[in-house]
Asks: 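Below is the structure I would like to discuss, written out as structure tokens.
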Amino acid sequence: MPEGPLIRTEDLRVYFPVRKLFRTIGHVRAVDGVSLAVNRNETVALVGESGSGKTTFGRALLGLVRPTSGRILFDGTDIASMGEKELRLIRRRMGIVFQDPYASLNPTFTVYRIVEEPLVVNKIGTKEERREMVMKALEEVKLTPPEFFASKYPHMLSGGQRQRVAIARAIITRPAFVVADEPVSMLDASIRVEILLLFREIQKRHGVSFLYITHDLATAKYFSDRIAIMYAGKVVEEGPTRAVLSEPLHPYTQALIEAIPDPDPMNRFKMREVVPGQPPSLLNPPSGCRFHPRCPYFMKGKCEVAEPPLYDLGDGRKVACYLMEERAGNR
Ligand code: SF4
């Protein structure tokens, strides 16, 4: 197995132009200088409020959104500047599971056709070989007996079953990397655990790396090895999941976490409904630290003047906040 992370970004930026009367009047900076790695056989949770840029980042990693600048190294090869034809070959080694299992499945296709589709598109296997692969994938996601589910249409299935179909479709090409974008947020709590356990099983069996995009710290705690907190297009804190959740260092992470003693591990951490203050506009973000208008520790003359670097605190922890300057310097 090659050394190094499976996929990593270097200073990745994705800007979307905003036009008015045929003129570009500005750019929405959805992803603004993110350097993040996902190691082999690892799950990284990317956590943030809606509109923080996490979905755009995940799509950029899959080549579904082209970056404005920066690099995306997949197995050491920069895919950010690749042409569509080359990228298509790389995408065979990647998969995606979306939030809404109903909207992401073609309602006019049978389960068989939905799961087979990536094989057809990528010209993998004969008809007979594809049949075998589809049945195996359905078994793997526990839609058994597979022959029973293969002939169903999405509307005949429950939400959890639909998401299992979406997972079967995502893993059928044996991807090394899967982006799971809020894959359990529309499911009942009991089904959530089952689906996350299924991801874990798949990871164990095939060594898949996951980028798990979520706004939910409880499931991030349950499923991820490392966590990255995204705010207004930037990663503001990163580190091993347990360390970040037990000792959040960035004021934004602290605002997100409300530790509630609860015997149920899925309820141990809850995202606050509202972090005080408004999320900033990505068209015209605040100067300096983007969190400064909402930060209880705001230091005038410093925080609004220049953007804090992502301080490396050791042990895999990184925090973009001036409060960490001394701690980083004392290493
Ligand atoms: Fe708050 Fe300043 Fe740290 Fe930003 S840099 S999070 S404004 S203390």
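Just so you know, ligand 1 is whichever comes first in the structure, and atom 1 is the first atom listed for that ligand. Everything numeric in this text was worked out from a predicted model, so none of it was measured.
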Asks: State which residues pass salt bridge (Lys or Arg N to Asp or Glu O under 4.0 Å) with K152; sequence neighbours excluded, sorted by chain then number.
Replies: none
Asks: What are the protein N/O/S atoms, named by residue and atom, that sit under 2.8 Å from atom 2 (Fe) of ligand 1?
Replies: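 Short answer, with waters excluded from the count: C303 SG.
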Asks: Salt bridge (Lys or Arg N to Asp or Glu O under 4.0 Å) with R205: which residues, sequence neighbours excluded?
Replies: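 R205 satisfies salt bridge (Lys or Arg N to Asp or Glu O under 4.0 Å) with E140, E201 once adjacent residues are dropped.
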Asks: On the 0 to 90° scale, with breaks at 30° and 60°, tag the F177-F74 ring pair as parallel, tilted or perpendicular.
Replies: tilted
Asks: Pairs in or reaching into residues 82-98: which pass side-chain hydrogen bond (donor to acceptor under 3.5 Å, both in side chains), with residues at least two apart or in two chains?
Replies: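 Every side-chain hydrogen bond (donor to acceptor under 3.5 Å, both in side chains) pair that includes a residue of residues 82-98, provided the two are not neighbours, is D75-R93, E84-R91.
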Asks: Do F223 and F210 have their ring centres less than 6.0 Å from each other?
Replies: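 Judged by ring-centre distance (under 6.0 Å), F223 and F210 do meet the cut-off.
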Asks: Quick check on salt bridge (Lys or Arg N to Asp or Glu O under 4.0 Å): which of R226, K318, R317 does E237 satisfy it with?
Replies: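 Between E237 and the candidates, salt bridge (Lys or Arg N to Asp or Glu O under 4.0 Å) is satisfied uniquely by R317.
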Asks: Which option, H250, M324, Q254, E237, owns the non-hydrogen atom nearest atom 6 (S) of ligand 1?
Replies: H250
